Amino acid sequence: MSVCGAARCRWIQTRSAVSLLQQNRTVRRHSTGAPESNVIREKLQAFPGGSIDLQKRQESGIAVLTVNNPARMNAFSGCMMLELEQRVCELETWTEGKAVVVKGAAGNFCSGSDLNAVRAIANPQDGMRMCEFMQNTLTRLLRLPLISMALVEGRALGGGAELTTACDFRLMTSDGVIQFVHKHMGLVPGWGGAARLVGIVGSQNALKLLSGAVKLDPDCGRQMGLVDEVLHCSSGEAETLAHAEQWLGPFIKGPAPVIQAIKKVVVSGRELPLEQALKTERNVFGTVWGGPANLQALALKPKHK
Ligand SMILES: CC[C@H](C(=O)O)C(=O)SCCNC(=O)CCNC(=O)[C@H](O)C(C)(C)COP(=O)(O)OP(=O)(O)OC[C@H]1O[C@@H](n2cnc3c(N)ncnc32)[C@H](O)[C@@H]1OP(=O)(O)O
């Protein structure tokens with residue numbers, strides 16, 4: 001095969017692996033003829049406030065995604081839900097990236113949906129539309145070809161607790177609390193948080209956390225397997241973030257294409273039936289085999305002592 005042909009073949013393999021891992025954006029239509037997703041987009045647009053901030057650090061390959069609405073303990077306004085989708089979209093195409101840290105502003109993680117917006121759309125149809133929208137965005141967040149971490153300082157409540165489950169890892173500061181408060185609101189998780197929680201801690205623990213609306217502290221979170229590390233640092237947000245980035249260090253050492261390929265094979269192993277996962281793994285393998293990092297490693301005659 002010519003060099004051009006090999007390059008094209010690799011490109012096609014990457015695209016097919018990527019498309020397998022990306023969200024199917026099926027367009028369902030509302031009775032007005034407008035796609036369902038547009039109906040909820042318009043409604044969410046009516047609830048402003050806060051922002052979702054994205055900082056991409058080219059030198060480290062780590063992005064920081066901040067849920068920023070401190071006056072409401074970083075609750076998600078409608079506009080923030082829309083903005084989160086845009087930010088995830090930006091991260092999907094960040095080829096130089098290796099990881100993303102999801103955090104809240106001003107020492108709190110996120111207190112879930114903005115209750116003002118929730119009150120205004122408190123009917124089953126809009127509730128289901130909002131859930132579908134957030135499920136799609138959080139599924140795309142979890143499937144990013146970047147290693148993701150929720151950095152939980154202060155409270156992660158309701159939808160905020162669900163957001164932590166859409167990341168690969170969860171780190172908590174010693175003052176952190178994760179609480180699925182849904183039962184107290186007469187609800188169940190709807191942003192995909194229950195399905196993901198079962199996958200992370202098993203159905204027994206998930207049932208305890210949801211039915212007890214347990215205020216989970218970092219040590220209990222660790223015992224249950226929901227929390228990967230507890231950070232004991234007290235000198236403020238910048239230091240906490242630096243510790244979190246340090247924790248990521250060993251996992252993101254190496255070239256971005258290799259880190260992204262690792263994340264892709266883990267996502268396919270986690271989500272796809274075995275035959276499909278094996279196929280995706282072969283395709284992703286083809287994107288790194290004989291690639292620059294592979295050739296460099298071979299040239300060095302490595303010994304993995
Ligand atoms: C159930 C799932 C659902 C979903 O969409 O799937 C949700 O996520 S619903 C939201 C679930 N979250 C809550 O119900 C949180 C309710 N708030 C609280 O429990 C407290 O405010 C708390 C514990 C976050 C903080 O308590 P603290 O005493 O430290 O502070 P304040 O209560 O004075 O809060 C400061 C300020 O923030 C406003 N706030 C907090 N959370 C929300 C929220 N989710 N939506 C809107 N606004 C929120 C609170 O009202 C205060 O504002 P103020 O103008 O000073 O009254």
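Source: prediction; values computed, not measured. Counting starts at 1 for both ligands and their atoms, following the listed order.
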Return yes when at least one protein heavy atom is under 4.0 Å from atom 53 (P) of ligand 1, and no when none is.
no
Output yes when Lys103 and Glu237 qualify as a salt bridge under the 4.0 Å nitrogen-oxygen rule, no when they do not.
yes
Any protein heavy-atom neighbour for atom 20 (C) of ligand 1 (distance below 4.0 angstrom)?
no
For ligand 1, which part of Leu115 has a heavy atom less than 4.0 Å away: the side chain, the backbone, both, or neither?
both
Are Leu163 and Val181 in one and the same hydrophobic cluster, where Ile, Leu, Val, Met, Phe, Trp and Tyr link if side-chain heavy atoms are under 4.5 Å apart?
no
What distance do Lys264 atom NZ and Glu281 atom CD have between them, rounded to the nearest 0.5 Å?
13.5 Å
Where ligand 1 meets Met185 - atom numbers and elements under 4.0 angstrom, heavy-atom basis:
1 (C), 14 (O)
Could you walk me through whether Arg270 and Asp168 satisfy the salt bridge (charged side-chain N to carboxylate O under 4.0 Å, His left out) test, starting with their C-alpha distance in whole Å, then the side-chain angles of each, then the deciding distance to 0.1 Å, before giving a yes or no?
CA-CA 11 Å; Arg270 181 166 62 197; Asp168 300 313; 3.5 Å; yes
Taking 4.0 angstrom as the limit and counting only heavy atoms of Glu162, give me the atoms of ligand 1 inside it, by number and element.
6 (O)
Heavy atoms of the protein only: does one fall short of 4.0 Å from atom 56 (O) of ligand 1?
no
Between Arg57 and Glu245, is the salt bridge (charged side-chain N to carboxylate O under 4.0 Å, His left out) condition met? List the steps.
CA-CA 11 Å; Arg57 301 180 180 171; Glu245 293 186 59; 2.6 Å; yes
Closest approach of any protein heavy atom to atom 36 (C) of ligand 1, naming residue and atom
Ala71 O, 3.3 Å
Crowding at CD, Gln204 (>12 non-hydrogen neighbours, <6.0 Å)
no
Contact bool for atom 33 (O) of ligand 1 (protein heavy atom, d < 4.0 Å):
no
Does one side chain, of Ser51 or Asp53, offer a donor that lies under 3.5 Å from an acceptor on the other?
yes
Under 4.0 Å, heavy atoms only, figure out whether ligand 1 is touched by the backbone of Pro189, its side chain, both or neither.
neither
Might you check, step by step, whether the distance between atom 17 (N) of ligand 1 and some protein heavy atom is under 4.0 Å?
no
For atom 2 (C) of ligand 1, what's the nearest protein heavy atom and its distance?
His182 CD2, 3.2 Å
Strictly less than 4.0 Å: does any protein heavy-atom distance to atom 50 (O) of ligand 1 fall in that range?
no
Give a yes/no verdict on whether any heavy atom in Gly193 is under 4.0 Å from an atom of ligand 1.
no
Candidates Gln179, Met130, Met73; heavy atom nearest atom 25 (C) of ligand 1 found on Met73
Is a salt bridge present between Arg222 and Asp219, judged by a nitrogen-to-oxygen distance below 4.0 Å?
no
Determine, considering heavy atoms only, which of Lys183, Arg119, Arg72, Arg155 sits nearest to atom 29 (O) of ligand 1.
Arg155
Same cluster for Phe109 and Phe169 if Ile/Leu/Val/Met/Phe/Trp/Tyr side chains link at under 4.5 Å?
no
Is it the side chain (CB and beyond), the backbone, both or neither of Phe76 that lies under 4.0 Å from ligand 1, heavy atoms counted?
neither
Just checking Phe76 against Trp191, ring centres under 6.0 Å apart?
yes
For atom 43 (C) of ligand 1, grab the closest protein heavy atom and report residue, atom and distance to one decimal in Å.
Ala75 CB, 3.5 Å
Per-atom contacts, ligand 1 versus Leu157 - under 4.0 Å to a heavy atom
23 (C), 24 (C)
List ligand 1 atoms under 4.0 Å from Gly112, heavy atoms only on the residue side.
8 (O)
Just to confirm, does any protein heavy atom lie below 4.0 Å from atom 39 (N) of ligand 1?
yes
Quick check for you: to the nearest 0.5 Å, what is the distance between Ile178 atom CD1 and Leu157 atom CG?
10.0 Å
Strictly less than 4.0 Å: does any protein heavy-atom distance to atom 47 (N) of ligand 1 fall in that range?
yes
Taking only heavy atoms of Gly159 into account, list the atoms of ligand 1 that are under 4.0 Å away from them.
7 (C), 8 (O)
Consider every N or O of Asn116 and every N or O of ligand 1, then say whether any pair is closer than 3.5 Å.
no
Looking at Glu90, I'd like to know if its CD atom is crowded, meaning that more than 12 non-hydrogen atoms belonging to other residues, nucleotides or ligands lie closer than 6.0 Å.
yes
Pair Glu132 + Arg129, salt bridge at N-O below 4.0 Å:
no
How does Ser111 reach ligand 1, by side chain, by backbone, by both or by neither, if only non-hydrogen atoms under 4.0 Å count?
both
Taking Arg143 first and then Glu271, would you say they form a salt bridge - that is, a charged N and a carboxylate O separated by under 4.0 Å?
yes
To check your reading of the model: name the closest protein heavy atom to atom 4 (C) of ligand 1, its residue, and the distance in Å.
Ser113 OG, 3.2 Å
Nearest 0.5 Å, please: how far is CG in Asp228 from CZ in Arg170?
6.0 Å
Counting each atom of ligand 1 from 1 as listed, which ones have a heavy atom of Leu187 under 4.0 Å away?
1 (C)
